[in-house]
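What follows is a single structure, written as structure tokens, with notes after it.
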Amino acid sequence: LINQVTGTSVTPADWRDTFSFQLSTRYAFKDKIALLGSGIYETNAAPTSTNAIGYPLASSGALSLGLDFSLHTNLSTQLIYSYGAFLT
């Protein structure tokens, strides 16, 4: 087989810094139990129009809910569920 392709095509990816935003809250409704909540949003690292390689370039986000159990004065444990997804 002989390579018949000539020339080179270069498309700049236009990578840039991303920004992440997070908002979290804790609400203690009893002395030893508290509800937790969090939301995260992260911007895209490059425009999808220059994604020639196929990286999953998209903004991403996540929502989290949980419980905080106080076991001792300086000791607690948390049970957290988080759902994250790529956004368009």
* To do: For the pair Gln22 and Ser24, evaluate side-chain hydrogen bond (donor to acceptor under 3.5 Å, both in side chains) and give the outcome as yes or no after the intermediate values.
  => CA-CA 6 Å; Gln22 180 174 358; Ser24 298; 3.1 Å; yes
Rounded distance (nearest 0.5 Å) linking atom [atom1] of [X] with atom [atom2] of [Y]:
{"X": "Leu63", "Y": "Ser38", "atom1": "CG", "atom2": "OG", "answer": "8.5 Å"}
{"X": "Lys30", "Y": "Phe69", "atom1": "NZ", "atom2": "CZ", "answer": "11.0 Å"}
{"X": "Leu71", "Y": "Asp68", "atom1": "CG", "atom2": "CG", "answer": "9.0 Å"}

* Any donor-acceptor N or O pair under 3.5 Å, side chains Ser76, Gln78 ->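 No, no side-chain donor-acceptor contact under 3.5 Å.
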* same_hphob_cluster(Leu67, Tyr27) at 4.5 Å side-chain heavy-atom cutoff -> yes
* Asked: Cluster question for you: counting only ILVMFWY and a side-chain heavy-atom cut-off of under 4.5 Å, with indirect links fine, are Ile40 and Leu23 together?
  -> no
* Evaluate the side-chain proximity of Phe21 to Thr43: yes if any heavy-atom separation is below 4.5 Å, no if none is. => yes
* To do: Please report the shortest heavy-atom distance between Ser59 and Asn44, naming the atom on each side.
  =>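 Smallest heavy-atom distance, with atoms named: OG-N, 3.7 Å.
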* Linking Ile, Leu, Val, Met, Phe, Trp and Tyr through side-chain heavy atoms less than 4.5 Å apart, which residues share a cluster with Leu36? -> Ile80
* **Phe29 atom CZ, over 12 foreign heavy atoms within 6.0 Å** =>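 Yes.
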